[in-house]
Every structure is written in C-alpha cells, then in structure tokens.
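Step one of this worksheet: look at the structure below.
Each ligand, and each atom within it, is numbered from 1 in the order the structure gives. If you read the sequence from its start, that first residue is 1, and numbering goes on from there.
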Amino acid sequence: PPGPEHTRTGLSAETLRQAFLDNLFYIQGRFPEIATDDDRYQALSYTVRDRLLHRWVRTIQAYKERDPRTVCYLSAEYLPGPHLANNLLSLGIVDATREALRGLGLDLDAILDHEEEPGLGNGGLGRLAACFMDSLATLEIPAIGYGIRYEYGIFDQKIQDGWQVETSDTWLHYGNPWEVRRPGICYDVRIGGRTEHVTDEHGRLRVHWRHADLFRGVAYDTPVAGYGVETVNLLRLWRAEAAEDFDFTVFNQGDYVGAVMRKVRSETISKVLYPNDEADSGKRLRLLQQYFFVSCSLQDMLRIFATTGRPLAEFHAKFAAQLNDTHPTIAVAELMRLLVDEHGLDWDEAWQATRHTFAYTNHTLLPEALEKWPLPLFADVLPRHLEIVYEINRRFLDDMRLRYPDDPARIARLSIIDETPPKYVRMAHLASVGGHAINGVAALHTRLLGTTVLKDFHDIWPDKFQNKTNGVTPRRFLMLANPGLADLLTEALGDGWTRDLERLRGLEGLADDPAFQDRWRQAKLIRKAALAERLRAGQGNAIDPASLFDIQAKRIHEYKRQHLNLLHVVTLYNRLKHAPDADVPARTVLFGGKAAPGYAMAKLIIKLINAVAEVVNRDPDMRDRLKVVFVPDYNVKVAQSVYPAADLSEQISTAGMEASGTGNMKFSLNGALTIGTLDGANVEIREAVGPDNFFLFGLDADEAVRTRAAGYRPYALYERDPELRAAVDLIAGGHFAHGDAGLFRPLVDHLLGRDDYLLLADYRAYVDCQDRVADAWRDPARWTRMAILNVARMGRFSSDRAIAEYCRDIWNVAPARVDG
Ligand code: 26Q
C-alpha cells in the first residue's frame with residue numbers, strides 16, 4: 001500500500017522537491033536564495049544518487065543470493081558522459097524532477113548543463129565501454145566495469161589563432177557526487193625487484209617475488225542504472241595511493257618528509273589519461289597504469305569469489321572477463337601469478353581457469369597501434385610476470401612445433417616474444433593465447449583481423465575468432481540527445497523501441513507519409529536551431545538552420561581523412577568563386593574533434609579547417625551558401641547536441657582502417673544520411689538501411705591494398721584532375737594562410753608525395769558523390785524518406801544487441817532479475 005514516501009527514495013515531484021531542498025541545506029550548506037549553479041547541481045545529483053543507492057544495495061543482495069556468473073569488463077578507458085540526465089532517465093523521473101524544480105522557480109536544463117563530464121577516455125573505445133555498461137544494466141546482466149580513476153582525463157581543447165591548445169581537465173574540481181569512495185576495498189600492488197625460486201617443506205617449487213616498490217589501489221564506485229529496470233550495476237575505478245605502513249614504519253625511521261614525498265609519487269600512477277598516439281612517451285608509467293588497475297581488479301574478483309565458498313579452480317565459472325583491446329592484457333599473467341604463486345594452484349589448473357576466464361576484443365588493425373612492450377622495460381617493472389609469460393610461451397610454442405615441425409618462421413611469427421632485437425612482448429599475442437575468444441568490432445574488421453594481423457592465430461584456432469559488431473545506446477544517443485524525435489517515435493510506435501530497437505522498423509510504413517515527414521523535418525530543425533544557438537553563444541558563429549548540416553565529428557587522424565572533406569569544401573569554394581550565381585544548396589560544414597597533443601599532422605589539419613573557415617565565412621561571394629565551423633572541445637556532451645543536428649554524416653576513412661566507428665551509428669540513428677566508404681561498420685549500416693539510402697563512394701579495402709601495391713602515384717592524379725589541382729594549389733599557395741605558402745606545406749607534400757591514406761585516389765569519387773548528396777537535398781520529400789528509412793533500419797546497431805551477442809557467444813551469462 002502506498003504510504004507516505006521516504007525523502008531518500010520517493011519518486012513523486014513533491015518528494016523530489018523536498019529532498020532537493022534538504023540536500024541543498026544539509027550537503028551544500030546553502031538556502032535557495034544564495035545557492036550557486038553548482039550548489040543546485042550537487043543537491044539534485046545527491047537527490048538522484050540516494051535513489052540509485054537504494055536499488056544498488058538491492059541488486060547486490062540479489063546477486064549475493066543467486067551467485068550468478070558475472071561479467072567483468074576490463075577497460076583502461078570509460079567515457080560515460082554527463083551522469084545526471086541519464087540517471088533521471090533510467091529512473092523514469094525526468095518529468096517529476098522538472099516539475100519539482102519548476103515549483104522552486106528553477107530550470108532543469110540549466111542545472112543539467114552545469115555538469116562536468118568524466119573524460120576518462122580518448123574516443124570510440126572508451127565510449128563503447130560506457131555504452132556496454134548501460135546495456136549490461138538494462139539487460140539485467142550482473143556486471144562490473146573495472147578501470148582507472150584518472151584525476152586528469154582527456155585534455156580540454158581550446159582553439160587559439162586556429163590552432164589546438166590543450167588545457168588540463170579538472171573534472172574533480174567541484175567534487176564528484178556520483179562516486180562512492182571505498183577505503184575498505186583496497187589492494188596492494190607490487191612492482192620491480194627480482195624473484196627467488198625456492199623449494200618448500202613439501203618439496204614444491206615456490207616463487208617469492210622480492211618487489212622493489214609497493215602501491216595501493218582504492219576503489220571508487222559509480223552506480224550504473226539500467227533503463228526501466230531495478231538493476232544498478234557497478235563501475236569500479238581504482239585510484240593509486242601510497243601503501244602507508246610500508247613506507248612509514250620499517251624503512252623510513254626518521255625520514256618523515258621523504259616518506260611523504262614517496263607517498264605523493266605513488267599517486268602519479270592514476271594521475272593522467274594518456275592520449276592515444278603517445279605510444280613512445282612515458283612508456284613505463286603507461287605500463288604501470290595497466291598493471292595497477294588489472295592487479296586491483298583481479299584481486300577484487302578473487303575476494304568476491306572467496307565469498308561464494310567455491311573451489312578456486314572454478315574461478316572461470318563465476319567470472320567472464322573481457323579485455324577491451326590489449327590495454328588490460330597483463331591480466332593473463334597476473335591471474336596466473338595470483339592463482340599459482342599466491343593461492344597454490346598447479347599450473348595446469350590455473351591455466352585452465354585463466355583461459356576460460358578471458359576473452360579479447362581487438363579495436364585496431366594499424367600495425368603501429370598494436371601494443372608491444374620493450375623486454376628490458378617489462379623485465380624491470382614486472383620480473384615475475386616476464387617469467388610467467390615465458391612459461392606460457394614455451395608451452396604454447398612446444399605445441400605449435402608439434403603442429404608445424406618444419407616451419408620455424410611461423411613459430412617466430414606466433415611467438416608472444418618478438419625475438420628479433422630489440423625484443424618485445426607482443427600483447428595481442430598474449431591476449432590471443434590467454435583467452436578463449438578473439439573478436440573484431442565489425443564484420444569487415446573481423447575478416448581483416450583473421451587475414452592480416454592475427455592470421456597465424458586464425459590458422460590454428462579459426463573457431464576462436466568471432467565478430468561482434470559494435471552498437472550504441474539508444475537511451476543516451478536518442479532519448480536524451482533528441483527528445484523531440486524520441487517523442488515522435490513513441491507517438492508512432494509506442495515506447496517499446498527504447499528497449500527493443502528493432503521495433504523502429506515500424507517506421508518504414510510512414511516514410512512517405514507527408515504529415516509524418518513534416519513532423520520529422522520539424523524535429524530535425526529544432527535540433528539544428530539548438531546547435532546553431534549553442535555555436536552563436538559559444539564562438540559567435542552565425543549559421544543558418546535551413547542549410548544542409550554536413551558534419552564530421554571524431555578524433556582528428558589522417559586515416560579518418562578530415563582533409564579529404566576539406567578538399568571538397570575548397571572545391572565548392574572554387575566553384576562558387578568562378579560561378580557566383582550558381583544555384584547550389586546552402587551547406588554548413590561542421591568539424592569537431594581533438595588531435596593527440598604529439599600528433600603534428602593532425603594539429604595542422606585543425607589549423608587548416610580553421611584557416612579555410614576564416615576565408616570562406618568572410619567571402620561575400622559565398623552569399624551564405626557555404627559556411628565552415630570548427631566546434632571546439634568535442635566531448636560526449638557536445639556530441640549529444642551534434643548528432644541530432646546533422647543532415648549528413650561524414651564517414652570517409654580509407655577503407656580497411658577504421659575498425660568499426662560508432663559515431664556513424666549515432667548519426668544515422670538520429671536521421672542523418674551517411675556519405676561513406678566501405679569501411680568498418682559502414683558496410684553493415686549500408687546493408688541495413690539499403691544501398692539507395694546511403695551515399696557510397698571510393699575504393700574498398702581490397703582495392704586500397706591493390707592500389708598501394710601497384711605503385712600508387714598521387715601526383716599523377718593531381719595533374720590529371722583540374723578541380724583537384726585547383727583545390728590543392730589554393731592550399732599550397734597560402735590562400736588560407738595570409739599568403740604564407742609554407743604553413744600547409746607538410747600536408748600538401750604528403751598528399752602529393754606518399755598520400756598513405758589515398759585521399760587523391762578517392763577525391764573524384766567523393767566530390768561526385770557530394771554532388772549526388774546536393775541533388776537529393778534539393779528534394780525534401782526524397783531526403784526525408786531516406787532519413788526515416790535510415791532510422792527505421794538501425795535497430796541492429798543498438799548496444800543491447802551487441803551485448804546480447806557477447807552474453808550468448810562469449811560470456812555464457814544470463815540475466816539475473818532484480819525485483820522491484
Ligand atoms: C596506446 C598506447 C599508449 C597510449 C594510448 C594508447 C591508446 C589509447 C586509446 C590506443 C588506442 C586507444 C583507443 C582506440 C579507439 O578508440 N579505437 C576505436 O574503437 C572503437 C570502438 O570499437 C572503434 O569504433 C573505432 O573504429 C576504433 O578506432
């Protein structure tokens with residue numbers, strides 16, 4: 001029977017209002033008249049957190065009773081985005097909260113806008129981990145996400161004089177209401193030193209690791225609520241601290257200040273997230289980070305396991321651990337060490353448990369991005385683990401020599417150790433040997449994985465390879481980001497699509513309905529106007545919501561080819577300069593994304609985008625038919641306002657280079673049409689939405705390989721295509737650099753000389769395809785029909801589908817329902 005609601009759990013507007021005021025007073029120490037934006041944000045967040053903790057405790061109780069197999073997602077990165085709005089959505093209290101605040105004269109959206117998101121990842125891989133956590137909770141799968149609580153996440157991006165300038169992320173400055181520090185859940189992590197091999201009193205060989213340094217990891221827990229269910233799972237991030245008793249007692253009598261300094265040094269391990277493409281700087285700290293979080297996570301799993309009372313050889317029956325790329329792969333050696341050295345299992349039992357626990361997801365084919373550790377570094381930081389890796393490798397290669405007795409070259413290629421000096425430990429090999437499944441993140445990527453970088457492993461274990469095409473959560477990227485479209489979908493289809501995205505197929509019948517098309521365009525126009533307003537308020541850009549919003553938003557990288565997009569922009573500019581009265585539809589080309597701080601060419605591409613924008617946007621001949629905008633500091637929050645505003649989604653990487661892409665899915669799910677190559681998940685998106693509803697251009701992956709092999713000469717293409725030549729010449733001649741012909745020289749030289757990413761090979765096909773885009777845009781009924789069919793057929797790209805496949809094919813886990 002519904003009694004009076006408890007202030008900490010009740011969900012009515014009146015109770016929420018009361019709880020908000022209580023928290024404002026008792027947590028922030030403020031009353032409404034003097035409260036700041038931050039006070040209001042904190043008070044509301046604690047109000048929501050109370051309601052999550054209640055379900056969280058009940059979830060843990062349910063898991064304890066039922067002892068289900070549990071997924072442990074091991075990832076060095078998570079990019080969850082702002083929590084508050086998402087948690088309101090999961091709890092189903094968006095409207096009640098809005099009403100409660102309105103009663104106090106407050107605007108929910110203003111409060112939501114105040115949140116500083118946790119930028120604990122670089123891009124796609126970290127965001128995928130966050131989508132997976134959302135889907136795991138929504139599908140009621142027992143799961144823990146393990147990672148690192150970086151004090152400084154991905155840098156903030158400022159644009160000064162057109163250049164990217166990095167400033168440090170300060171996401172913890174105002175405190176983080178979503179995390180619960182667990183001082184009691186902490187583990188020691190040792191590094192360095194040497195090992196001793198001794199025989200114990202039972203004649204058993206034992207290894208003692210005489211470590212050189214000791215750290216401690218403390219758990220910080222963030223609740224992850226499923227949408228529309230009672231389940232609240234756990235994201236557990238480790239912070240590095242000093243292991244005090246070690247430093248402060250025995251070894252440092254009298255050296256108090258020195259001990260404090262070492263304590264401070266311990267904390268550097270979780271201090272900062274490495275940007276990608278920083279592979280060579282600070283290698284040692286990066287390895288420490290990986291080992292640190294993996295060791296804490298496995299010790300935590302062993303602690304949880306001990307509470308079940310089951311024998312240790314059954315560890316793998318309790319846990320399925322997923323390696324998110326090779327970053328956590330040291331886990332294979334660490335679990336072996338914990339089971340054999342610390343818990344006394346024999347090698348074969350431990351190996352059986354280890355192999356059945358782990359599975360490995362690969363996210364890249366770029367050979368330079370495959371992680372490998374210099375052997376001397378590995379030996380110095382993890383001497384015991386190197387012995388274990390050698391033993392794993394010895395047994396593996398012994399097997400392989402039986403299988404391939406006359407093929408030493410193949411044995412060398414398979415080896416976990418790259419033996420040609422300088423020697424390396426190959427982490428992708430350790431992950432492949434140490435787990436029971438290997439997956440790529442899109443069908444094409446998985447095929448290429450098995451035929452290129454992991455071909456030798458595919459030859460020996462074809463059944464170990466699986467495809468798990470990525471997906472994205474429709475909660476954050478449709479319901480939250482695009483409430484107008486979400487309401488329209490719900491009106492047309494009911495609300496089942498929010499948890500079963502395949503139901504969007506019901507839209508197909510409405511694709512040609514003029515009244516529905518009108519409302520569809522209305523919804524799109526609202527998001528475009530909102531983005532335009534944001535950019536006006538932020539940077540003073542004036543853009544027209546009626547123009548075609550052509551958007552490329554993702555990390556800046558040569559293989560993603562933002563500069564191919566620019567060659568098209570410059571081509572449009574040249575055409576308008578030569579025929580100022582040409583009847584071309586107005587286009588706004590938007591870019592967003594960060595460049596790795598050490599990646600000079602990517603930073604030069606950002607400068608070129610801004611340089612082209614400066615010239616184009618000021619030229620009266622453009623008469624507002626062409627605008628170029630760089631959206632600074634692209635992150636999850638910005639992304640949520642960008643995807644819904646797009647008409648055209650640029651997915652133009654060199655075929656064979658983008659493992660999957662997930663932005664491609666978010667754009668299309670929000671009714672943007674894609675212009676793209678046959679790369680990553682684009683291939684499957686095109687199949688799903690239908691070739692007529694996708695703007696395809698360019699070489700495919702096999703053609704790209706053949707083009708390079710046949711002695712690719714970009715300069716010949718430049719000479720042959722007048723429009724291409726004119727575009728390149730304009731950039732090279734300094735037209736966008738106040739006459740400085742040197743500024744963009746490195747970029748132009750690379751295109752005309754090597755052009756590793758085949759921009760010139762794809763230029764003509766791309767520009768012609770963009771002309772077809774413009775033709776389609778002129779016919780609103782046709783364009784809208786294509787957009788509706790895109791959304792109708794994107795159901796497959798929900799992360800719910802992806803997670804259901806992992807559960808069935810890799811993890812062998814089932815839902816454990818938590819009752820309301
Ligand atoms: C490596 C060494 C040293 C420092 C940093 C790194 C590092 C960090 C992050 C290397 C790579 C990453 C991130 C990679 C990533 O985001 N990959 C993307 O993963 C997505 C999810 O599967 C795919 O959709 C994208 O295609 C892929 O590029």
Side-chain angles (χ1 to χ4, degrees), residues 73 75-79 119-132 147-148 150 153-155 272-290 322-330 360-374 377 424 427-428 439-446 448-449 467-473 553-561 593-594 596-599 634 636 639 651-667 676-677 679-685 701 797 799 802-803 806:
Y73 202 77
S75 179
E77 306 195 359
Y78 289 91
L79 272 179
L120 309 185
N122 273 287
L125 169 145
R127 182 53 235 177
L128 185 75
C131 282
F132 281 6
I148 301 172
Y150 301 106
I154 188 75
F155 60 88
V272 58
L273 166 77
Y274 275 88
N276 52 13
D277 300 296
E278 293 281 296
D280 290 326
S281 74
K283 269 200 172 255
R284 188 186 149 89
L285 181 56
R286 168 99 181 153
L287 179 59
L288 284 178
Q289 287 188 335
Q290 295 183 351
Q322 193 67 26
L323 304 172
N324 198 23
D325 214 297
T326 51
H327 315 155
T329 294
I330 190 61
Y360 159 51
T361 304
N362 172 288
H363 297 265
T364 185
L365 297 168
L366 309 186
E368 70 268 25
L370 290 178
E371 269 193 316
K372 47 186 191 156
W373 295 108
L377 170 65
Y424 289 101
M427 298 311 273
N439 77 280
V441 290
L444 171 67
H445 169 64
T446 301
L448 294 173
L449 199 59
N467 177 244
K468 292 287 166 282
T469 299
N470 284 167
V472 302
T473 173
K554 52 181 76 229
R555 287 299 287 257
I556 312 291
H557 204 295
E558 288 165 281
Y559 85 78
K560 296 176 188 281
R561 302 200 293 191
K594 294 175 182 176
Y599 188 174
Y634 188 66
V636 178
Q651 307 300 334
I652 60 176
S653 52
T654 317
M657 311 218 67
E658 188 72 89
S660 161
T662 46
N664 46 6
M665 301 168 188
K666 296 162 195 166
F667 277 112
T677 49
D679 199 15
N682 294 354
V683 178
E684 292 156 81
I685 292 173
F797 300 95
S799 47
I803 283 298
Y806 277 92

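- Residues N362 and L370 have side chains in contact (heavy-atom distance under 4.5 Å, counting atoms from C-beta outward).
- With a 4.0 Å heavy-atom cut-off, ligand 1 is reached by the backbone of P275 but not by any atom from C-beta on.
- Residue-ligand proximity, Y559 to ligand 1, at heavy-atom distances under 4.0 Å covers atoms 28 (O).
- Set against the non-hydrogen atoms of N122, the atoms of ligand 1 under 4.0 Å away are 8 (C), 9 (C).
- For the residue pair N439 / T361, a side-chain donor-acceptor distance below 3.5 Å is found, with atom types taken as modelled.
- Nearest-residue assignment for atom 16 (O) of ligand 1 (options L125, L370, T364; heavy-atom criterion): L125.
- When the heavy-atom distances from atom 1 (C) of ligand 1 to R286, Q289, H557 are ranked, the shortest goes to R286.
- For ligand 1, none of its N or O atoms has an N or O atom of K560 under 3.5 Å away.
- Looking at residues two or more places apart in sequence or on another chain, you find a side-chain contact (heavy atoms from CB on, under 4.5 Å) between K372 and Y424.
- Checked by atom type and distance alone, the side chain of E658 never pairs as donor or acceptor with a backbone atom of I652 at under 3.5 Å.
- Residue A659 has at least one heavy-atom neighbour below 4.0 Å for each of these atoms of ligand 1: 26 (O).
- At least one heavy atom of G661 sits less than 4.0 Å from an atom of ligand 1.
- Side chains of Y634 and R555 form no contact here, defined as non-hydrogen atoms less than 4.5 Å apart.
- Considering CD1 of I154 and CD of E77, their distance stands at 7.5 Å, rounded to 0.5 Å.
- Of all atoms in ligand 1, numbered sequentially from 1 with element shown, those under 4.0 Å from a heavy atom of E77 are 8 (C), 9 (C).
- Judged as a ring pair (Phe, Tyr, Trp, His ring centres under 6.0 Å), and not counting sequence neighbours, the contacts of F667 are Y643.
- Checking only distances, E371 never comes within under 3.5 Å of ligand 1, N or O to N or O.
- Checking S653 against D679 by side-chain atom types alone, a donor-acceptor pair falls below 3.5 Å.
- Of the heavy atoms in N276, both backbone and side-chain atoms come closer than 4.0 Å to ligand 1.
- Side-chain N or O atoms of N467 include none that pairs as donor or acceptor with a backbone N or O of T446 at under 3.5 Å.
- For ligand 1, the polar-atom distance check finds no N/O of G126 at less than 3.5 Å from any of the ligand's N/O atoms.
- Counting only non-hydrogen atoms, the option in R127, K283, H445, E658 that gets closest to atom 25 (C) of ligand 1 is E658.
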